[in-house]
Structures are given as C-alpha cells and as structure tokens.
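Lettering of chains follows the sequences in order, A, B, ..., and the numbering in each one begins at 1.
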Protein chains: 2
Amino acid sequence: MPSVQLSRETLLPKLAAHVLEHGLGGASLRPLAKAAGTSDRMLIYHFGNKETLISELLGHIATIYSAALDTALGGERARTRQECAARILAVGSQPEMQAFLVLWWDIVAGAARGLPGYREAAAQMMTQQLAWLEGQMPADDPDPAGGARYLMTMIEGTLMLSAVGHGDTALQGLLAGGLLPS
Amino acid sequence: MPSVQLSRETLLPKLAAHVLEHGLGGASLRPLAKAAGTSDRMLIYHFGNKETLISELLGHIATIYSAALDTALGGERARTRQECAARILAVGSQPEMQAFLVLWWDIVAGAARGLPGYREAAAQMMTQQLAWLEGQMPADDPDPAGGARYLMTMIEGTLMLSAVGHGDTALQGLLAGGLLPS
DNA sequence: TGCTCCATGTAGCAATCGCTACATTAAGAT
DNA sequence: ATCTTAATGTAGCGATTGCTACATGGAGCA
C-alpha cells in the first residue's frame with residue numbers, strides 16, 4: 001500500500017514538530033492529530049495504534065537529528081581535541097538545538113525504562129553522533145577512535161549536568177581534563 | 001499543624017517506593033494513594049494538589065538518594081583516580097541502584113523541561129554526589145576539586161550512554177581517557 | 001452535654017485518554 | 001452502470017485524570 005506509506009511520511013514531520021515543542025510525555029492522540037491537521041481517528045487508521053505511531057515517530061526524529069547534525073557542521077576536521085570538543089559544545093548550545101536537547105532527555109528516560117522504540121532511536125542518534133565526532137577528530141590524533149569515544153562521554157556528561165543546573169560543574173571538569181583552554 | 005506534617009512524612013516513603021518502581025511519568029493520584037494505603041482524596045487533602053505532592057516527593061527522593069550514597073560507600077579515600085572512577089561505577093551497577101537510575105532519567109527529563117521541583121531535586125542529588133566524589137579523591141591528587149568534577153562529568157556521560165545501549169562506547173572512552181586500567 | 005474542628009469516606013464532576021462502530025464519500029475496476 | 005475498496009467524518013464507549021461537594025466520625029474543649 002504505497003498510499004499508506006505516503007500518508008505516514010506526510011504526517012510524521014508535523015507530528016515531529018509537535019513533539020519537539022511539547023515533549024513526548026504528554027503526547028496524546030488528539031493534540032497530535034490537531035497539529036498534523038487530521039483527527040485521532042486517522043492517526044490510528046494510518047499507524048494502527050499509538051505505540052506504533054510513537055516508535056515510527058522516534059525513528060523519524062532520529063533521522064531529522066542526523067540531518068541537523070550534518071547541516072550544523074561542515075566536514076573539515078578539527079586541529080586539536082580541544083577544538084573538537086568546543087565545536088560540538090557549540091552545536092549543542094545553538095538555539096535551534098534546544099528543543100532537540102529537551103526532547104532528548106525524554107527519549108533517554110524512555111530508553112532507560114524500556115519503552116518500545118525509545119532505545120533504538122536513542123542508540124541510532126548516539127551512533128550518528130559518534131560517527132560525526134570521529135570525522136571531526138584531528139588528523140594527527142594518536143587514537144581517533146578512542147578519542148572520539150572519550151570526547152563523546154565527556155560531552156554527554158556535560159549536557160546532562162547542564163540540564164540539571166550543574167553546567168558549571170561540567171565546565172570545570174572539562175577544564176581539569178584539559179578539554180577546554182584554561 | 002504538626003499532624004499534617006507528620007502525615008506528609010508518613011506518606012512520602014511509601015509514595016517514593018511506588019515512584020521508584022513505576023516511574024514519575026505515569027504517576028497518578030489513585031495508584032499513588034493505593035500504594036500509600038490511602039485515597040486520592042487524602043493525598044490532595046495533605047498536599048493541596050498534585051504539583052506540590054510531586055515537588056515534595058522529589059525532595060524526599062533526593063534525601064533518600066543521599067542516604068543511599070552514604071550507605072553504599074565507606075568514607076576512606078581511593079588511592080588513584082582510576083580506583084575512584086571504578087568505585088562510583090560499581091555503585092551505579094549495584095542492583096538496588098537500578099531503580100534509582102531509571103527514575104533519575106525521569107527527573108533529568110523533567111528538569112530539562114522546567115517542571116516545578118525537578119531541577120531543584122536533580123541539582124541537590126548532583127551536589128551530594130559531587131561532595132561524595134571529592135571526599136573519595138586520592139589524598140595526593142594534584143587537583144582534587146577539578147579532578148572530582150572531571151570524574152563526575154565522565155561518570156554521568158557513561159551512565160547516560162549506558163542507558164541508551166551505548167555502554168561499550170562509554171567504556172572505550174573511559175579506557176582512552178586513562179580512567180580504566182587497560 | 002453540647003460545640004468545634006480535624007480527619008476521612010463516598011460519590012461524583014468535567015475533561016481527557018486510546019480506540020472503535022458505523023456511515024459516507026469518491027475513485028478506480030469491470 | 002455497477003461494484004469494490006481505500007479514506008474519512010461523526011459519534012461514542014469505557015476507563016482514567018485531577019479535584020471537589022457533602023456527609024460523617026471522633027477527639028478535645030466548654
């Protein structure tokens with residue numbers, strides 16, 4: 001049924017926009033449908049049930065995220081690990097990334113609790129980010145693969161601490177780890 | 001009104017137990033009340049409304065977390081940063097800490113979205129953890145304050161990546177950062 | 001004995017939840 | 001022209017949401 005698949009893919013961007021603004025926790029069918037210009041009746045018709053809808057929506061959001069990462073960053077490598085860390089931190093602080101970040105913690109919470117579809121989408125986004133980070137590592141880095149994982153762990157810790165008002169703690173940690181210029 | 005305060009504090013542990021098992025997202029009054037052996041009617045009576053209940057519950061959970069941290073770890077210092085990192089990672093992998101960890105991501109998500117009470121509780125728990133980590137740092141460490149923040153950022157990143165199925169990525173990062181013995 | 005007031009049970013309200021039964025439209029196939 | 005079928009609207013179901021109105025018990029105080 002190509003028309004069904006077309007309909008799904010027509011709906012998903014609008015659903016994603018709504019979820020990016022209002023979060024996943026309170027996402028119920030009627031507001032979602034309204035945001036997509038249709039009815040709850042039709043959402044069930046196209047996706048079968050809410051669980052499937054959310055799973056497909058998460059997959060779509062992961063795709064959007066990948067595209068946003070690609071757009072936000074040119075392909076050229078950094079010259080130092082410090083520069084590499086600074087770049088990805090700068091991406092995270094862009095205003096248009098804030099909605100993603102807020103939604104991200106919803107997804108992490110769902111993944112931790114084992115909700116269907118959450119872990120897959122989260123893992124996909126992390127894999128994508130890791131690949132991008134590896135591509136950004138300095139050409140003369142002695143261990144680009146390990147270094148990228150090291151940087152990524154530090155970055156994610158920084159994002160989490162920032163989310164709960166401990167951003168300064170994280171920055172001091174980055175400083176002490178030599179990942180920020182002193 | 002001491003009786004009201006007593007009632008609140010009598011209820012909070014049972015409410016916390018329920019939330020630790022079932023999460024904060026789906027926590028509604030009637031299941032909470034049932035877990036506490038009372039009625040939704042009485043929860044509203046004692047706490048005024050659900051928002052206040054959740055805020056006080058989060059504060060209580062932060063207190064529980066602090067106590068659990070103290071219990072789980074003796075007071076003596078580690079001898080190296082590696083040992084320090086290993087200790088706190090070991091704490092996080094204890095089975096009785098799993099419920100806390102799952103709930104933690106709910107709290108982070110609420111804090112990121114700005115829900116009332118979440119950020120305060122999360123910040124309190126992170127402050128407590130930081131203090132504990134500083135007390136664990138090696139006595140001969142050249143920069144215990146910065147080192148504790150560095151370790152904490154790495155640890156939080158590791159926990160997040162583990163929650164989304166990228167625990168191996170984090171471990172490789174810790175290895176590359178010299179925080180795990182190779 | 002009355003009076004007062006905190007604590008609690010019972011019942012229910014309006015809103016929202018995911019989902020479904022049924023009817024209707026419209027387009028394409030025969 | 002008829003038949004079939006995908007797509008959609010309307011209406012509603014039973015459950016659950018946070019919260020409230022009302023009545024009642026029961027303890028302390030006069």
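Listed by residue number, B:R30 are the residues of residues 15-35 of chain B with a heavy-atom contact under 4.0 Å to DNA chain C. Near DNA chain D, meaning a heavy atom under 4.0 Å from it, residues 110-121 of chain B has no residue at all.
Of the residues near DNA chain C, B:T38 and A:I44, the one whose nearest nucleotide (by heavy atom distance) lies more toward the 5' end is B:T38.
Closest to the side chain of B:M42, from the set D:dC19, D:dG9, C:dG9, is C:dG9. Each of D:dT8, C:dC6, C:dG9 was ranked by its minimum atom distance to the side chain of B:Y45; first place goes to C:dC6.
Side-chain atoms of A:D40 stay outside donor-acceptor range of the base of C:dC17, with no qualifying N/O pair under 3.5 Å.
Here the straight-line distance linking atom CZ of A:R149 with atom CG of B:L161 works out to 11.0 Å at 0.5 Å rounding. B:L179 CG to B:C84 SG: the interatomic distance, rounded to the nearest 0.5 Å, is 10.0 Å. In this structure, B:S39 OG and B:Y45 OH are separated by 12.0 Å, a value rounded to the nearest 0.5 Å. Atoms CD and CG, on A:E156 and B:L159 in that order, are 12.5 Å from each other to the nearest 0.5 Å. Expressed to the nearest 0.5 Å, how far CG of A:D143 lies from CZ of A:R81 amounts to 6.5 Å.
For the residue pair A:T38 and A:H46, no side-chain donor N or O sits within less than 3.5 Å of a side-chain acceptor on the partner.
The interatomic distance linking B:K50 (NZ) with D:dT16 (C1') rounds to 11 Å, in whole Å. Distance A:L43 CG to C:dC17 P: 12 Å, rounded to the nearest Å. Rounded to an integer number of Å, the gap from A:F47 CZ to C:dG18 P is 14 Å. With rounding to whole Å, B:E51 atom CD is found 14 Å from D:dC19 atom C1'.
In terms of hydrophobic clustering, with Ile, Leu, Val, Met, Phe, Trp and Tyr side chains grouped at heavy-atom distances under 4.5 Å, A:I64 and A:V19 are assigned to a common cluster.
Counting only residues at least two apart or on different chains, the ring pair (Phe, Tyr, Trp, His ring centres under 6.0 Å) pairs with a member in residues 99-149 of chain A are A:Y65-A:F100.
OP1 and OP2 of D:dA7 both lie 4.0 Å or more from every side-chain N or O belonging to A:H46.
For A:T80, the side-chain hydrogen bond (donor to acceptor under 3.5 Å, both in side chains) test picks out no residue, with sequence neighbours left out.
Looking at every heavy atom in both residues, B:R79 comes nearest to B:P138 through O-CB, 3.5 Å.
Rounded to 10 degrees, the angle separating the terminal helix axes of the helix from C:dG2-D:dC29 to C:dT30-D:dA1, each built from five base pairs, is 10°.
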Pairs under 3.5 Å (N/O, protein and nucleotides 23-26 of chain C):
none

